[in-house]
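Here's the structure we're looking at; comments come further down.
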Amino acid sequence: MKKSLLIGLAFGIGSTAVAQGSYTGPTPFTPQKINPIAAKQSAVIRNDIGATDDFETVVNNLGAKKPSIATPTTKAFTSATIGNTEYQLQSNAAICNRIVNNSDGTISATWTFAADPAWADRGTGYNYFDGVSWMAAPTVRLESVRTGFTNIGVTGSNAEVVVAHTTATADLAFLKRATKGTGAWTESMLGVPDVWARVSVGGPAGQSIHVISQTTGVSGPIYMGQDGALAYTRSLDGGTTWDKIRTVIPQIDSSSYLGFGGDSYSIDARGTTIAIVAGGFDVDVVLIKSTDDGNTWTKTIVEAFAVPMFDATLMTTGDTNPADGAPDTVDASDACMNVVLDASNVAHVFYGRMRVVGDGAALSYFPYTDGLMYWNETMTTNPPVMIAGVKDYNGNGQMDIYTDPGGVTLGMGTYQRSMTSFPSAGIDATGKLFVTYSSVFEGINEVGEGYDIAAGTLTPPTTAGKSFRHQYLMRSDDNGATWCDPIDLTQPDYANNGFDYHEGVYGAIAKNNGTDVHLIVEDDQSPGHGVTVTADPQSGPANIIYYKVPVVDLACGSSISENDVLSEITLFPNPANGSVSLTLNSAKAAKANVTVYNMVGQAITTMDKNVAVGSNTIKLDISAFNTGIYFVSTIVDGKTYSQKLIVK
C-alpha cells in the first residue's frame, strides 16, 4: 500500500444543492449540513459497498463568523501577474513555503513552473520584487534538471535558498545564491532520495535550514519501517554542510505511524523553535516541536484518528452500529496541513476537514465534506474548531452546486480535498494572524449555471458543470480566538461580474507581514488542475498572481461590512480572567447593548453603553465567571456582532 495515492471515493447521492448552515444566534453551535441531502443519506463507495453518514457536525468555530451574504464592494488590495505555468498541480495537499516578505521591502517568490504543455521542462519558477517592481516573468526554470514542488527561504545573511525534488536523479535539489534577487545560483544535490520537500529557515543567526520530505513517493521502498516516512534534514551553516541527513524524528517513527502521505505536512521555524505538523486521511493530526534548533522534539496529537496504526487493506474504521451493515464514517484531516509560529513561538495549526470510511479493503473519502479546521497550543487538550466554510452568497441556506445522482461526476474540480482547504498562514509584528485558503465558489460555474451575484439570480445547476474555487483571506487579532469575515481575492470585480469563470487555488502567504499581507495564488479559467485527473482538462497556462492586501482591508468583527457603524470590534485579553476590554471603533455616536452568553445560550450579564465617534473601550467584569467559553454579543445601530470569550 503506497500512502501517496488515495483512490477511494464516496459520493453523496443528491440533487443540485449542498445544504449549509449559518450563524443565527448568540452561540455559533449551528449544525452544518454539508452533503447534498440533509440528515441521513446514502453514499456510494467504490465496489458498491453501501454506507451511511449524516454529515451533521456541531461547529465550534471559536468565535469565527459564518460568512454573511456578500455585499458587492471593491476592495483596496492590489495584484500583479508575476508568472505562469502549464503545470497546475502546485501541491498534492499542503502548501509549500513559496513566498518570503523580506524586512527591507523586497519579496522572493517561487512556484512549480512549466512552459511546455507536456511539462518536460518542469522546475522552479522564480520572481523577485526589488521594492519598486517585479522582474519580468520567467520563461525557464532555475534548475538544470527537471524538478517540482519547490520551496524558498532567505537566510539571515540575505542568501536565497531553494529546495525541490528531482525526477530523473531521485534526489532533492538545493539551489543557493549569496544575495537575494541578484547573482548566479549554485546547484547541488542533498543526497536525499526523497520527494515533496518542505523548507523553513531559522536558527540563532538565521543560518539553520530545516528540510522535511517524504521517503517513499508513489512506489519507493520501505524506509526505517515506514511506507512513507517523514524525514528531517538540517544545515546549521546556511547550506554549506548538512549535519542531519534523512533522519526520522522518534516521536513519529514506525512505533507510532505506518507512514505519511506525500505533501501532507508543513514546517515553520522562528529562531531556534521549529514546528512541524503532519496529518492525512488515515493518521492523526500531529504537531512535532523543537525549541533547540532541531536537536530534540516533543509531540502533541491535535486530532487523533479513529484507529491507531490504521492499515486500510486490513482494517475498518470501526462499526459502532452493526445493524446498518456499514463501517463507521469518521472525521479526519484532508492532508492539507499548515503551521505558523507566532512571536511567542506558539504553534497555530490549520487543515481541511475530511470524512472517510474504511471497509477493510480500501479507504474512501467524501468529496463534499467542508470545513477549515484550526487549533493552537493554548487550546491544550481542547479539540480543533471550524473557522471557515463554503460561503453562502445567495443566503438560501445551501450551497448551489451540481451533484451527480449517479455518483460519477463531481460538481467541482477534483482535488481530493475538503471543499474549503489548502490553508497557508502568516503573522505580522503586532501579533495578528492571517490565513488564506481556497473554497468552492457558489457563483456561476463553468457552464454558466449557478448564482449570478451581480444580477442576484439563481440558475439551479442541472448540467454536469463544475464550480470554481476562489481564494479567500482572513485575519485574527486575538491569537485565533476570533476571526474576521474573509474577503474573496479571486477576480473581485463585482461591478462587471469579473469574478466569474476564474479558479483561485494554492495560495501561499508570507510567514511575516507588515501593514500589508503578501501572498501568491494560482489563477486560471478551468476548475481543477488537470495533472493527475483526466476529468478536469485544462487549456493554456495558469497565471501566478501576487496579491498585496492592506491589513485594514481585513475588517474585524462579526460580519462587519464597509457600511457598518463599527469598523472594528475586539476583545482583549482573550483568554482572560478578572476583566476584559471590549473595544469598539464607531463611525458615529450610538448606543451599544452588550450581552454575555454562556455555552447553552443563557444571558449571564447585559449592559447598555453609549459609544462616541472613534475608539471606545468597555470594561467587562468577569471575576465571577466560571472557567469556560462564553459569547459576547454587541448590538450597535441594529446590527449584532458576536465574539467568543475564553475565561481561564
Side-chain angles (χ1 to χ4, degrees), residues 96-104 106-110 123-126 128 141-166 168-215 223 229-249 265-276 288 290-297 341 510-512:
C96 303
N97 292 333
R98 296 191 285 115
I99 180 171
V100 179
N101 176 39
N102 299 302
S103 59
D104 61 359
T106 62
I107 301 169
S108 307
T110 59
T124 296
Y126 167 88
Y128 182 77
R141 67 192 179 207
L142 290 184
E143 301 91 348
S144 63
V145 297
R146 189 177 187 270
T147 70
F149 304 91
T150 188
N151 303 257
I152 191 167
V154 176
T155 71
S157 58
N158 284 327
E160 286 174 321
V161 295
V162 168
V163 176
H165 78 232
T166 64
T169 59
D171 207 335
L172 295 185
F174 177 70
L175 281 72
K176 181 179 179 179
R177 63 178 175 184
T179 304
K180 58 183 175 60
T182 187
W185 295 88
T186 60
E187 180 180 320
S188 60
M189 297 295 157
L190 293 183
V192 177
D194 292 350
V195 289
W196 301 309
R198 296 293 182 273
V199 175
S200 191
V201 176
Q207 296 298 316
S208 297
I209 302 174
H210 307 282
V211 181
I212 55 175
S213 52
Q214 200 254 24
T215 61
Y223 181 75
L230 185 56
Y232 172 63
T233 299
R234 180 183 74 174
S235 171
L236 296 177
D237 55 13
T240 302
T241 61
W242 299 83
D243 70 320
K244 291 183 182 290
I245 297 286
R246 215 185 187 206
T247 61
V248 175
I249 297 170
Y265 34 82
S266 173
I267 185 170
D268 189 29
R270 182 172 295 274
T272 58
T273 301
I274 311 155
I276 298 171
I288 307 298
S290 172
T291 57
D292 56 8
D293 218 16
N295 292 315
T296 61
W297 300 84
L341 291 165
K511 291 296 184 185
N512 295 295

Next on the checklist: Using side chain to side chain contact (heavy atoms under 4.5 Å, CB included), reason through D237 and Q207 one step at a time and then give a plain yes or no.
Outcome noted: CA-CA 5 Å; D237 55 13; Q207 296 298 316; 5.6 Å; no
Item to check | Step-by-step side chain to side chain contact (heavy atoms under 4.5 Å, CB included) determination, V154 to V201 | outcome: CA-CA 7 Å; V154 176; V201 176; over 6 Å; no
Item to check | Check against side chain to side chain contact (heavy atoms under 4.5 Å, CB included), W242 and T233 | outcome: CA-CA 7 Å; W242 299 83; T233 299; 3.7 Å; yes
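When only modelled atom types and interatomic distance are considered, K244 and Y232 share no side-chain donor-acceptor pair under 3.5 Å. Side chain to side chain, D243 and T241 fail the donor-acceptor criterion of an N or O pair below 3.5 Å. Side chains of Y126 and E160: a donor-acceptor N/O pair is present below 3.5 angstrom, by distance only.
A heavy-atom distance below 4.5 Å is found between the side chains of T166 and M189. In this structure, T182 and Y128 have side chains that are not in contact, with every pair of non-hydrogen atoms separated by 4.5 Å or more. Using a 4.5 Å cut-off on side-chain heavy atoms (C-beta onward), R198 and S266 make no contact. With a 4.5 Å cut-off on side-chain heavy atoms, K176 and S188 do not count as touching. Using a 4.5 Å heavy-atom cutoff, the side chains of T272 and D292 are not in contact. Taking the side chain as every heavy atom from C-beta outward, T124 and E143 approach each other to under 4.5 Å. Counting heavy atoms from C-beta outward, I276 and I249 have side chains that approach closer than 4.5 Å. In this structure the side chain of Y223 never reaches within 4.5 angstrom of the side chain of D194, judged on heavy atoms.
A side-chain donor-acceptor contact under 3.5 Å links D104 to the backbone of T106. Distance alone, capped at 3.5 Å, is enough to place a donor-acceptor pair between the N97 side chain and the V199 backbone. Judged by distance alone, with hydrogens and angles left aside, the side-chain atoms of R177 form a donor-acceptor pair with the main-chain N or O of G183 at under 3.5 Å. Between the N158 side chain and the T179 main chain, no donor and acceptor come within less than 3.5 Å of each other.
Nearest heavy atom pair, residue S213 against residue V192, reads OG-CG1, 4.0 Å. Closest heavy-atom contact between I274 and G294: CD1-N, 3.3 Å. Across all their heavy atoms, A197 and V211 have their closest contact at CB-CG1, 4.2 Å. Looking at every heavy atom in both residues, A269 comes nearest to H210 through CB-CD2, 3.9 Å. Smallest separation of non-hydrogen atoms from Y265 and V195: OH-O, 3.8 Å. A173 and T147 make their closest contact through CB-CG2, 4.3 Å (heavy atoms, listed as atom of the first residue, atom of the second, distance).
In this view, D268 and S200, V339, V340, L341, K511 satisfy the side-chain contact (heavy atoms from CB on, under 4.5 Å) rule, not counting sequence neighbours.
In this structure, the separation between CD1 on I152 and CG on L142 is 8.0 Å, given to the nearest 0.5 Å. Atom CZ in R234 sits 12.0 Å away from atom CD1 in I209 (nearest 0.5 Å). Between the OG1 atom in T186 and the CG atom in L175 there is a gap of 7.0 Å [rounded to 0.5 Å]. Residue H165 holds its NE2 atom at 11.0 Å from CG of N151, rounded to the nearest 0.5 Å. Between I288 atom CD1 and L230 atom CG the span is 8.5 Å, to the nearest 0.5 Å. Going from atom CD1 of I99 over to atom CG of N512 covers 11.5 Å, rounded to the nearest 0.5 Å.
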